[in-house]
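The structure appears below as structure tokens.
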Amino acid sequence: MHIQIEQDQVIPDALHVIDTQCPFCSVQCKMQVIEKKDITNGRPVYSVVPKPNLASEGRLCIKGMKAYQHVLTGERLLHPMVKRNGQFERISWAEAYELIVNKFGALRQTYGNHTVGLYGGGSLTNESAYVLGKFARVALQTKYIDYNGRFCMSAAASAGVKVFGIDRGLTNPLSDIELADCILLAGTNIAECQPTLMPYFTRAKEKGAVIIAIDPRETGTTRIADIHLRVRPGMDATLANGILKVLLEEGLVDEQFVERRTTGFAELKAHLDELDMGEIAQLTGVSAELIRKAALSYGKANTGMVFTARGVEQQTDGHMAVRNFLNLVLLTGKIGKPGCGYGAVTGQGNGQGGREHGQKADQLPGYRLIENPEDRAYIANVWGIDPSELPGKGVSAYEMMEKVHEQEIRALFVMGSNPLVSNPNANFVEEGLKKLDFLVVADFLISETAQLADLLLPVTAYLENAGTLTNLEGRVLLREQGRPAPGETKHDWQVLCELAEKLGRGQFFSFGDVEAVFNELRLASRGGTADYYGITYDRLRQDEGVYWPCPEVAHPGVKRLFDASFPLPAGKALFTTVENHLPKEQVSAEFPLYLTTGRVLTHYLTGVQTRKSPSLAAREVESFMEIHPKTAKKYCIEDATLVKLTSKRGDIYVRSRFSDAIREDTVFVPMHWGDTQNVNKLTNDALDPTCKMPGFKVCAVGVSPLVTEYA
Ligand SMILES: Nc1nc2c(c(=O)[nH]1)N[C@H]1C(S)=C(S)[C@@H](COP(=O)(O)OP(=O)(O)OC[C@H]3O[C@@H](n4cnc5c(=O)[nH]c(N)nc54)[C@H](O)[C@@H]3O)O[C@H]1N2
Ligand SMILES: Nc1nc2c(c(=O)[nH]1)N[C@H]1C(S)=C(S)[C@@H](COP(=O)(O)OP(=O)(O)OC[C@H]3O[C@@H](n4cnc5c(=O)[nH]c(N)nc54)[C@H](O)[C@@H]3O)O[C@H]1N2
Ligand code: SF4
Ligand SMILES: [Mo]
């Protein structure tokens, strides 16, 4: 699967060589896309070679190899389109802008500024995400803006801020992984989701590291583990309590670290003393012996790292579950030194930068807070407005869908997301979107959400635009433009700036080019937690990316955080007391199985892009349900047959796939398909109280064969 090259290849007969980076996951592997002419018919043919770089070390996965296909598909959205009598018709940009100005104008006049909502995404460059946040606050003066990262990083991000005082995906560079003697992988499937990172873990293993995986299923990732804790979905916080209790009982506590660098230990200890291991084993479905084995491995290791991803985080207790894993790190003092640290494995290409510069309801650029008077004053000054003009805090992504339903939001502008497929409780979301007076979608493909839109705005894809993206390590990378914008497409940030001008707010959006946007972002983030001030396009062209925080141009950037202190009162990190608790939805006679959801190697998120790539789509043509053969037998389900899955909220139809490596009480369905295979028609919309993450990873379902007898 991986191709490794040592140095830049020389391609003499190439027509056009594009230096770029993969648009998909957070590793942001660098590559070259080579366009040549087929000598028989003169048509362009494409090949891809990986480029050496610090994160991927010159590897690419299959998605990166084929990521040119969805950009070059004949199904690109190339012109603005308006829906008339149920059909999309081509219009000019001038007409499109006029329509938006009129529709937004009329709605704002009748219902006020907050009637317009904006919905962004973690695929957008830092520059576009920054302009989107500014556009909401300055051009439209609405508080309603949020983005798909709510469903992705919000639990880990909010936990990191509480416990460490800062949220940066990895607290240390990837190169530390092979220095770890024990690695705990909790709810993360790196083999399929960040495949080019796998060699970091296999190298650690070759050097003797013990790998512990926590996942209800066996995956490519759990297969490299020495210890696999097959947890009952949604029970990670409780499992972490079990591990903590063993560490405490066995005296595997770094007392000096706890004393000097943390607060809250006494409360944690008192709480853990009260817990019963038998009960923990029973609740989590993992034996006390295995929990003990894992705890001893991590506790006794000299160095160690803990990783969490969406398996732990996409829960209605995701915030607290992550905090309990951070307790492990603090209790053993395994942070802030080589081979020790924590990683929230970031998801999207710009999942990290996308959460730093103001497309989140409560944030302003540089991780500043919209409710903090000093932060408001600073940003208002950079933007040249009065702080009182800045709206307040809005609501989270799914809560915006509730506002859409209630018609408090009557116009929605979506840029870089497919909420109809990615939000929980998709039937409810669809009902809401259909009630909107005006739905605008900016995309380069026609997603399921775009199909419901009143107006489509065609934008450039990754090969055609430039900008910065921040990878999972907190390293800012520059992606240069590789091809001209096709058709009438425009860059995301450019659309927003032009529209701002039509809305009479052009003076705040007069950026000549994308670098000018970045230079304003640098200033806006200056002195903030995610400080990009010292990062310039020139530096990014010379070095291979710069870690934030980077407060001055001469500053090298910070690779490893927390070596001396935490940015919290007294420089101390915070222990958290986390109760054992059950997921909000429990199985019943009608819905007897747990459903968990996630990803497969060849598709990306809602599949809009990868389903348009013939080479990727051919590898998984439809959705499926992974089920244990014993469970299948109980419900009269055969292998590779169509089944119906039903929850309280809806039903879907997928093909069964037997696996004896999944828990018998659990089925798994990936998230990459829409319509009748949209797994989010089933998922629960209960939200985590702190970060508003939905519980994508557990709900209760019933399963039945679609065809019970053959005629
Ligand atoms: N191929 C591919 N790669 C991707 C993406 C993609 O769509 N496709 N998306 C990108 C994005 S945006 C993201 S956020 C990341 C996601 O990366 P991951 O979080 O690694 O991916 P998931 O498959 O959602 O979930 C990880 C694992 O959690 C397990 N799991 C399910 N329920 C539970 C539970 O209750 N507890 C525990 N401990 N584990 C559980 C699942 O079985 C799964 O193996 O991947 C990124 N990379
Ligand atoms: N059941 C379940 N649901 C989930 C998850 C899960 O594990 N289980 N995971 C959640 C997670 S972690 C995530 S990140 C979300 C993702 O959810 P979405 O954001 O809805 O997923 P994408 O498929 O990336 O949708 C992106 C859309 O934007 C377009 N796009 C891509 N790049 C750009 C760009 O630069 N500009 C513009 N204008 N458009 C662009 C794509 O063509 C696509 O139509 O899904 C969440 N939903
Ligand atoms: S999907 Fe991720 S791992 Fe695969 S090539 Fe793209 S950035 Fe690299
Ligand atoms: Mo994500």
Side-chain angles (χ1 to χ4, degrees), residues 23-27 61-63 70 77 119-125 128 147-153 185-195 213-222 229 231-236 239 307-315 321 345-351 397 414-424 426 441-450 457 459-462 465 467 491-492 495 583 594-610 612 626 662 666 668-672 678-680 682-683 694 696-698:
F24 295 130
C25 86
S26 57
V27 187
C61 80
I62 182 80
K63 283 191 303 305
H70 72 268
L77 177 64
Y119 193 110
S123 294
L124 300 178
T125 58
S128 291
Y147 80 121
N148 67 9
R150 240 352 138 159
F151 303 146
C152 188
M153 302 309 297
L185 299 172
T188 169
N189 185 5
I190 289 172
E192 299 200 62
C193 297
Q194 292 81 16
I214 306 179
D215 197 308
R217 312 152 52 218
E218 189 177 299
T219 66
T221 311
T222 65
L229 310 181
V231 67
R232 179 170 290 135
M235 296 310 296
D236 295 270
L239 183 61
F307 291 85
T308 66
R310 306 312 84 78
V312 170
E313 300 162 18
Q314 287 173 330
Q315 307 281 1
V345 187
T346 295
Q348 300 174 88
N350 197 29
V414 179
M415 181 171 262
S417 185
N418 183 14
L420 178 55
V421 183
S422 51
N423 272 251
V441 174
D443 206 311
F444 45 79
L445 293 168
I446 302 181
S447 67
E448 285 79 2
T449 307
L457 302 177
V459 297
T460 50
Y462 76 102
N465 59 38
H491 308 314
D492 289 301
V495 171
Y594 294 109
L595 166 72
T596 192
T597 65
R599 292 150 172 84
V600 298
L601 173 68
T602 54
H603 280 287
Y604 187 69
L605 295 176
T606 65
V608 178
Q609 297 169 88
T610 45
K612 289 281 184 291
E626 203 173 278
I662 187 167
T666 304
F668 169 84
V669 178
M671 62 165 295
H672 313 296
N678 179 354
V679 71
N680 279 323
L682 306 176
T683 52
F696 286 124
K697 289 291 192 266
V698 47

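All ligand and atom numbering here is 1-based and tracks the order in the structure.
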Any nitrogen or oxygen of Thr460, main chain or side chain, under 3.5 Å from a nitrogen or oxygen of ligand 2? no
So is there a nitrogen or oxygen of Gly311 less than 3.5 Å from a nitrogen or oxygen in ligand 1? yes
Of all the atoms in ligand 1, which lie at a distance below 4.0 Å from a heavy atom belonging to Ile214? 37 (C), 38 (N), 39 (N)
Show which atoms of ligand 2 fall inside a sub-4.0 Å distance from at least one heavy-atom site of Met415. 38 (N)
Could you tell me the residue and atom name of the protein heavy atom closest to atom 40 (C) of ligand 1, and the distance to it rounded to 0.1 Å? Pro216 CD, 3.2 Å
What are the atoms of ligand 1, with element, lying closer than 4.0 Å to any heavy atom of Leu601? 1 (N)
Examine Glu192 against ligand 1 and note whether any of their N/O atoms are separated by less than 3.5 Å. yes
Between Thr308 and Glu313, is any side-chain donor less than 3.5 angstrom from a side-chain acceptor? yes
Between Phe151 and Phe696 (judged by ring centroids, cut-off 6.0 Å), do the two rings come close enough to count as a pair? yes
Can you confirm, on distance only, whether ligand 1 has an N/O atom lying under 3.5 Å from any N/O atom belonging to Pro233? no
What's the shortest distance from atom 20 (O) of ligand 1 to any protein heavy atom, and which residue and atom give it? Asn189 N, 2.7 Å
For ligand 2, which part of Cys152 has a heavy atom less than 4.0 Å away: the side chain, the backbone, both, or neither? both
The answer for which part of Asp236 has a heavy atom under 4.0 Å from ligand 1 is side chain
I want to check something: taking the side chain as every heavy atom from C-beta on, are Arg232 and Tyr594 in contact at a cut-off of under 4.5 Å? yes
Heavy atoms only, cut-off 4.0 Å: how does His672 contact ligand 1, side chain, backbone, both, or neither? side chain
Quick check on contacts: which atoms of ligand 1 are under 4.0 angstrom from a heavy atom of Gly234? 34 (C), 35 (O)
Using non-hydrogen atoms of the residue, decide whether Val231 is closer than 4.0 angstrom to ligand 1. yes
Hey, are Asn148 and Gln348 close enough side-chain-wise for a donor-acceptor pair under 3.5 Å? yes
Side chain to side chain donor-acceptor pair (under 3.5 Å), that's the test. Do Lys697 and Gln314 meet it? Break it down for me. CA-CA 6 Å; Lys697 289 291 192 266; Gln314 287 173 330; 2.6 Å; yes
Going by the order shown, which atoms of ligand 2 are within less than 4.0 Å of some heavy atom of Gln348? 14 (S)
What is the distance from atom CG of Leu420 to atom CD of Glu448, rounded to the nearest 0.5 Å? 6.5 Å
For atom 7 (O) of ligand 1, what's the nearest protein heavy atom and its distance? Leu605 N, 2.7 Å
Contact between ligand 2 and Gly347 is defined here as a heavy atom of the residue under 4.0 Å from a ligand atom; is it met? no
Give the numbers and elements of all ligand 1 atoms closer than 4.0 Å to a heavy atom of Gln315. 34 (C), 35 (O)
Protein contact of atom 17 (O) of ligand 2 - nearest heavy atom, named by residue and atom, plus distance: Ser422 CB, 3.0 Å
Considering the heavy atoms of Gly187, write down every atom of ligand 1 situated less than 4.0 Å from one of them. 19 (O), 26 (C), 27 (C), 28 (O), 37 (C), 38 (N), 39 (N)
Just jot down the ligand 1 atoms closer than 4.0 angstrom to any heavy atom of Arg217, in number order. 41 (C), 42 (O), 43 (C), 44 (O)
At under 4.0 Å between heavy atoms, which part of Lys63 makes contact with ligand 1: side chain, backbone, both or neither? side chain
Subset of ligand 2 atoms that lie under 4.0 Å from at least one heavy atom of Gln314: 5 (C), 6 (C), 7 (O), 9 (N), 10 (C), 11 (C), 12 (S)
Between Thr449, Asn418, Asn678, Asn680, which is the residue that forms a side-chain hydrogen bond (donor to acceptor under 3.5 Å, both in side chains) with Thr606? Asn418
Show which atoms of ligand 1 fall inside a sub-4.0 Å distance from at least one heavy-atom site of Tyr604. 5 (C), 6 (C), 7 (O), 8 (N), 9 (N), 10 (C)
Around atom 21 (O) of ligand 1, find the nearest protein heavy atom and jot down its residue, atom name and distance. Cys193 SG, 3.4 Å
Contacting atoms of ligand 2, where contact means under 4.0 angstrom from a heavy atom of Val679: 1 (N)
Can Glu192 and Thr219 be said to form a side chain to side chain donor-acceptor pair (under 3.5 Å), step by step? CA-CA 8 Å; Glu192 299 200 62; Thr219 66; 5.9 Å; no
So which heavy atom in the protein is nearest atom 32 (N) of ligand 1, and how far is it from that ligand atom? Thr596 OG1, 2.9 Å
Using heavy atoms and a 4.0 Å limit, tell me yes or no: is Val421 in contact with ligand 2? no
Checking heavy atoms under 4.0 Å, the part of Tyr462 that sits near ligand 2 is neither
What is the closest protein heavy atom to atom 8 (N) of ligand 2, and at what distance does it sit? Thr597 OG1, 2.9 Å
With a 4.0 Å heavy-atom cut-off (strictly under), which part of Val600 contacts ligand 1: side chain, backbone, both or neither? backbone
Spatial distance of atom CG (Asn350) from atom OG (Ser26) [nearest 0.5 Å]: 10.5 Å
Starting from atom 30 (N) of ligand 2, what is the nearest protein heavy atom, named by residue and atom, and what distance separates them? Phe444 CE2, 3.7 Å
Donor-acceptor contact present, side-chain Thr460 to main-chain Asn465, <3.5 Å: no
Heavy atoms only, cut-off 4.0 Å: how does Thr219 contact ligand 1, side chain, backbone, both, or neither? side chain
Only heavy atoms of Val459, strictly under 4.0 Å: list the atoms of ligand 2 that pass. 37 (C), 38 (N)
Going by the atom numbers of ligand 1, which of them fall below 4.0 Å from some non-hydrogen atom of Thr188? 20 (O)
Is Arg310 touching ligand 1 with its side chain, its backbone, both, or neither, if touching means heavy atoms under 4.0 Å apart? both
Using a 4.0 Å cut-off to any heavy atom of Lys697, which atoms of ligand 2 qualify? 7 (O)
Who's the nearest protein heavy-atom neighbour of atom 42 (O) of ligand 1, and how far? Asp215 OD1, 2.7 Å
Mind checking whether His603 contacts ligand 1 via backbone (N, CA, C, O), side chain (CB onward), both or neither, at a 4.0 Å heavy-atom cut-off? backbone
Tell me whether Arg599 reaches ligand 2 (any heavy atom closer than 4.0 angstrom to a ligand atom). yes
Per-atom contacts of ligand 2 with Ala442, taking only distances under 4.0 Å to non-hydrogen atoms: 37 (C), 38 (N), 39 (N)
Spacing of Thr597 atom OG1 and His672 atom NE2 [to the nearest 0.5 Å]: 9.5 Å
Considering only heavy atoms of Ser447, which atoms of ligand 2 have at least one such atom less than 4.0 Å away? 44 (O)
So which bit of Gln194 gets within less than 4.0 Å of ligand 1, heavy atoms only: side chain, backbone, both or neither? side chain
OH of Tyr462 to NE2 of His70: how many Å apart, nearest 0.5 Å? 6.0 Å
Mode of Asn418 contact toward ligand 2 - side chain, backbone, both, neither (heavy atoms, under 4.0 Å): both
Quick one: nearest non-hydrogen protein atom to atom 39 (N) of ligand 2, plus distance? Gly416 CA, 3.3 Å
Counting only heavy atoms closer than 4.0 Å, does ligand 2 sit against the backbone of Thr125, its side chain, both, or neither? neither
